[in-house]
Novice: 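Before I ask anything, here is the structure I am working with.
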Amino acid sequence: NIYDEFHVKYLDMQDILDLGFELVDEIDDNGDMSFQWIENSDLWLTFDKEKIAIGDANGTLFYGKVENKSELKRVIKQVTT
């Protein structure tokens, strides 16, 4: 089956780290992880395996589902420009 030969990689913690974030809070009881962007310490990201929230000192800039690293990269670009 041709579909068995392809695998879509979903977003994980390593992808977030690769995009310039650092882990600032370990996984809590709900499985949430908190990150801070290295380039701009005001930008934060939380990841709970279902949804991503990105924000800064003014509040949440994005909240929604992000499927993979490429999509997260686009969202980061949108909220930082």
Side-chain angles (χ1 to χ4, degrees):
N1 186 344
I2 191 167
Y3 296 109
D4 293 334
E5 295 178 27
F6 296 98
H7 172 72
V8 175
K9 183 182 178 300
Y10 291 100
L11 190 67
D12 62 21
M13 184 173 95
Q14 187 59 52
D15 294 333
I16 296 169
L17 296 172
D18 290 347
L19 290 173
F21 286 85
E22 63 183 349
L23 185 66
V24 294
D25 194 10
E26 291 294 328
I27 301 169
D28 66 15
D29 294 338
N30 298 323
D32 296 351
M33 295 178 275
S34 297
F35 299 85
Q36 188 172 32
W37 201 24
I38 294 169
E39 287 184 35
N40 177 353
S41 62
D42 288 339
L43 195 69
W44 53 263
L45 180 149
T46 59
F47 177 53
D48 70 4
K49 300 287 184 190
E50 287 293 318
K51 302 237 177 175
I52 291 239
I54 300 173
D56 62 14
N58 296 317
T60 303
L61 304 170
F62 173 85
Y63 179 74
K65 191 167 182 125
V66 175
E67 297 288 336
N68 55 46
K69 186 176 177 180
S70 298
E71 194 174 332
L72 179 58
K73 194 174 186 177
R74 277 194 304 274
V75 170
I76 292 168
K77 186 174 182 178
Q78 289 173 344
V79 301
T80 57
T81 54

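Note that the structure is a prediction, hence the values are computed from the model and not measured.
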Novice: If you look only at pairs with a residue in residues 53-64, which of them pass as a side-chain hydrogen bond (donor to acceptor under 3.5 Å, both in side chains), with sequence neighbours excluded?
Specialist: none
Novice: Please list all pairs meeting salt bridge (Lys or Arg N to Asp or Glu O under 4.0 Å) that have one or both residues in residues 71-81, counting only residues at least two apart or in different chains.
Specialist: none
Novice: Evaluate side chain to side chain contact (heavy atoms under 4.5 Å, CB included) for Phe47 paired with Leu11, printing each intermediate quantity in order.
Specialist: CA-CA 10 Å; Phe47 177 53; Leu11 190 67; 3.9 Å; yes
Novice: Are Trp44 and Ile54 connected in a single hydrophobic cluster, I mean Ile/Leu/Val/Met/Phe/Trp/Tyr linked by side-chain heavy atoms less than 4.5 Å apart?
Specialist: no
Novice: Could you measure the distance from the NZ atom of Lys51 to the CG atom of Asp32? Nearest 0.5 Å is fine.
Specialist: 13.0 Å
Novice: For a quick test of your reading: what N or O donor-acceptor pairs under 3.5 Å do the side chains of residues 13-21 make, sequence neighbours left out?
Specialist:
from, atom 1, to, atom 2, distance (Å)
Gln14, NE2, Asp18, OD1, 2.7
Asp15, OD1, Lys9, NZ, 3.1
Asp15, OD2, Lys9, NZ, 2.8
Asp15, OD2, Asp12, N, 3.2
Asp18, OD2, Lys69, NZ, 3.3

Novice: Distance check, rounded to the nearest 0.5 Å: Leu43 atom CG versus Thr80 atom OG1?
Specialist: 7.0 Å
Novice: How long is the gap from OG1 on Thr46 to CG on Asp25, to the nearest 0.5 Å?
Specialist: 10.5 Å
Novice: Atom CD in Gln36, atom CG in Leu45: separation rounded to 0.5 Å?
Specialist: 11.0 Å
Novice: Any chance you could lay out the side chain to side chain contact (heavy atoms under 4.5 Å, CB included) test for Glu67 and Tyr10, step after step, and finish with the verdict?
Specialist: CA-CA 6 Å; Glu67 297 288 336; Tyr10 291 100; 3.2 Å; yes
Novice: Do the side chains of Leu72 and Leu23 join up, straight or via other hydrophobic residues, at under 4.5 Å, putting them in one cluster?
Specialist: yes
